[in-house]
Amino acid sequence: MTAAAAVDLRNVTLAYGEFVAVKDVSLSIRKGEFVTLLGPSGCGKTTILRSIAGLVQPTGGEIDVAGRRIDNIPIHKRNIGLVFQNYALFPHKTIFDNIAFGLKYRDVEKSQISAKVTRALEMVRLPGVEKKLPSEMSGGQQQRIALARAIVIEPDVLLLDEPLSALDANLREEMRTELKIIQREVGITTIFVTHDQDEALAMSDRIVVMNKGLIEQVGTPEEVYRRPESRFVASFLGQSNLLPGRVTGVAEGLATVRLDKGHDLVAAAPASLKNDAAVTAIVRAQKVVLGPPDRGGPKGRIISTSYLGGSAAYFVDMGGITLQSIATIDDRVWREGEDVSITIAPADVLLLDEGGHRLK
Amino acid sequence: MNASILSAADRRRPWLLLAPSLITLFVLMILPIGIMTIFSFYEFVTAGVEKEVFTTQNWRDFLTDPFYHMFLWKTIRVSAITAILCALLGYPAAYCIAMTTYRHKWVLLLLLIVPFWISFTIRTFSWIHILGEQGAINVTLLKLGLISEPLPMLYTEGAVIMGMIHFLLPYMILNVYVAIEGIDRNLISAARTLGCTAGQAFYEVVLPLSLPGLMAGLLLCFVLAAGSYVTPQILGSTRDALFGNIIFDTIMGELNWPMGSTLSLVLLILLGAVAAVYSRYMGLSRVFKGLGG
Ligand SMILES: Nc1ncnc2c1ncn2[C@@H]1O[C@H](COP(=O)(O)OP(=O)(O)O)[C@@H](O)[C@H]1O
Ligand SMILES: [Mg+2]
């Protein structure tokens with residue numbers, strides 16, 4: 001697209017035999033950007049990474065990296081750093097030889113190699129482990145070594161395929177922060193793959209939400225979370241209530257939506273909204289506010305309560321419609337069977353058209 | 001503490017389960033070896049007759065007679081050649097089977113096992129029809145006018161080695177296959193993205209990581225070749241006899257059981273030593289992994 005793009009995918013399609021794993025994906029990534037491919041397992045994330053690395057060959061489209069078309073050159077001539085989910089460290093080579101591997105094949109001088117390896121190990125906060133074997137390192141340490149091995153060759157782009165998924169929860173959060181710091185320090189363009197939305201939201205400059213080989217939405221974490229473009233994005237990120245209904249009136253920027261069981265929901269009306277249109281209203285669970293039953297507005301009854309410490313998740317029955325609500329606990333936790341009032345601010349309701357796309 | 005919870009019956013169970021194999025091992029391995037050891041110190045009187053007195057004469061004969069040394073050395077040499085040729089032929093085949101993207105890999109593996117369905121002796125005899133004076137190769141070459149008289153191929157050391165390769169190759173292929181199959185494909189991908197060509201990635205990753213399987217295959221082929229006697233009997237001349245044939249002749253021909261026992265023990269000690277040295281450096285468990293594959 002633009003000359004400044006570090007990675008540019010144009011209409012990339014990849015089929016395994018009959019099965020199309022990636023469909024017409026176009027994506028442009030700026031230099032130094034941290035972009036996450038987020039989507040459920042099997043949606044084609046790994047396939048996109050592997051086609052950038054050259055491990056699979058796209059059946060259509062073009063891939064540019066650092067202003068050079070690379071989809072037609074062999075793997076070893078592309079300058080790309082790939083970190084695998086299972087780290088893929090060479091078990092028969094020392095940490096030094098693992099990290100030096102890429103440098104050796106780039107004809108870097110011996111004296112420089114050892115300096116670069118030392119620097120890479122310092123960068124991943126593991127100095128002095130050169131002589132060890134990968135099997136002598138913990139999972140988190142192996143992860144760092146794999147990262148060091150990929151960045152020491154100063155690749156045009158760093159590709160990370162679910163690098164944190166094999167770590168236990170505590171370590172994962174720690175590595176998340178650390179990975180981001182290292183990425184900033186090096187200033188390396190990074191494509192990160194995950195199916196974990198928290199990881200994606202916490203780390204990314206931009207998130208690419210994918211489903212079934214297609215890009216659903218590209219945007220900053222805030223954009224994809226707060227302004228989902230489609231039903232898939234809305235339901236994949238965070239907990240949302242998806243409420244089918246029909247528009248019964250539009251006035252003064254507000255639309256009234258008659259839900260299935262006869263409830264009326266007031267939503268901020270997008271410009272393109274037509275009266276009598278079939279829509280799906282989306283309300284984040286955090287935006288379904290519960291209050292004492294005497295407060296007015298629609299009434300409901302708590303079906304179940306999950307106490308989560310700082311917050312609580314509820315299922316509320318609103319006259320036949322089950323709503324999900326998540327609230328921070330300021331005063332009290334609502335118990336099963338209690339009556340509550342339900343408040344949903346019009347600005348917190350997004351409307352999707354019949355095709356599942358957000359109305360604007 | 002755990003032990004005290006186990007009842008007496010629980011503690012006896014492992015031994016009960018092991019008993020059949022232990023008894024079999026004892027009756028078929030330890031006992032015969034013990035009897036042979038005793039026989040090797042008996043005195044040979046004449047064919048079929050030995051005196052039950054203690055003598056080290058048989059062992060001294062073995063240590064001093066160049067005839068035995070020559071055949072022992074020849075056995076080691078022929079077995080080593082066989083094992084190495086099996087490795088050279090088997091490795092590429094194992095590599096292809098392991099790496100193929102062909103969906104019905106099991107068919108390829110089955111093809112390796114199929115020869116075992118035919119009697120080993122029959123398979124060995126079949127070479128006579130290929131290598132013999134009236135065999136397929138000579139007849140074809142004669143008909144084509146490329147040679148004027150049959151090439152002497154049968155009853156040579158080459159024929160013996162070929163026959164042994166024929167029966168040992170599947171063992172080599174299976175061992176190497178299991179080793180290559182166990183290599184994480186991502187390692188190859190990693191090497192490629194770091195700058196290796198396909199050939200360099202093979203040299204850096206696949207070859208070193210499949211080496212244990214290759215070594216196990218070499219050991220297995222060497223040991224089985226060194227212990228073989230049917231193949232040289234059928235495909236070799238008297239000059240091409242291996243140590244196993246010498247033992248056979250000593251026992252069945254000369255009816256010299258004491259010397260036969262001594263020679264058997266020599267072969268056992270030699271092959272045991274080779275296996276011991278190997279397991280010291282590579283770990284025998286890898287050999288068994290290959291056998292199970
Ligand atoms: N080598 C292959 N042959 C056939 N199908 C494949 C192959 N690799 C992946 N797939 C299929 O392509 C789809 C996308 O796979 P992948 O890119 O690995 O997904 P993700 O990384 O998002 O989980 C999956 O449905 C998977 O089954
Ligand atoms: Mg994947």
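Residue numbers begin at 1 in each chain, while the letters A, B, ... track the order of the sequences.
- Within the 4.5 Å cutoff, the side chain of B:E204 has heavy atoms near those of the A:K104 side chain.
- Proximity to chain B is absent for every atom of A:N79, based on heavy atoms less than 4.5 angstrom apart.
- Only the side chain of A:K93 comes within contact range of chain B, judged by heavy atoms closer than 4.5 Å.
- The minimum heavy-atom distance linking A:A88 with B:A190 is given by the pair O-CB, 4.1 Å.
- Atom CD of A:E109 is surrounded by 12 or fewer heavy atoms from other residues, nucleotides or ligands within 6.0 Å.
- Only the side chain of B:L209 comes within less than 4.5 Å of a heavy atom in chain A; its backbone stays farther off.
- Dense packing is recorded around NZ of A:K23, with more than 12 heavy atoms of other residues, nucleotides or ligands lying under 6.0 Å away.
- Within the structure, every pair that satisfies the ring pair (Phe, Tyr, Trp, His ring centres under 6.0 Å) test and touches residues 62-95 of chain A, not counting sequence neighbours, is listed here: A:F90-A:F101.
- Using a 4.5 Å heavy-atom threshold, the side chains of A:I80 and B:T193 count as separate.
- Counting heavy atoms of neighbouring residues, nucleotides and ligands inside a 6.0 Å radius, atom CZ of B:F116 exceeds 12 of them.
- Separation of atoms CG (B:L194) and CD1 (A:I153) is listed at 5.5 Å; rounding is to 0.5 Å.
- Between A:R50 and B:S189, some side-chain heavy-atom pair lies under the 4.5 Å cut-off.
- Residues meeting the side chain to side chain contact (heavy atoms under 4.5 Å, CB included) test with A:D107, sequence neighbours left out: none.
- Looking only at side-chain heavy atoms (C-beta outward), B:L187 and A:P91 come within less than 4.5 Å of each other.
- Expressed to the nearest 0.5 Å, how far CG of B:D184 lies from CG of A:L89 amounts to 10.5 Å.
- Residue B:K105 qualifies as enclosed at atom NZ: its count of foreign heavy atoms under 6.0 Å is above 12.
- Of the two parts of B:A191, the backbone and the side chain both hold a non-hydrogen atom closer than 4.5 Å to a non-hydrogen atom of chain A.
- Contact annotation for residues 121-130 of chain A against chain B (heavy-atom separation below 4.5 Å): no residues qualify.
- Residue A:M203 places its CE atom among more than 12 non-hydrogen atoms of other residues, nucleotides or ligands, all under 6.0 Å distant.
- Residues of residues 137-151 of chain A lying within less than 4.5 angstrom of chain B, judged on heavy atoms, are A:R149 in numerical order.
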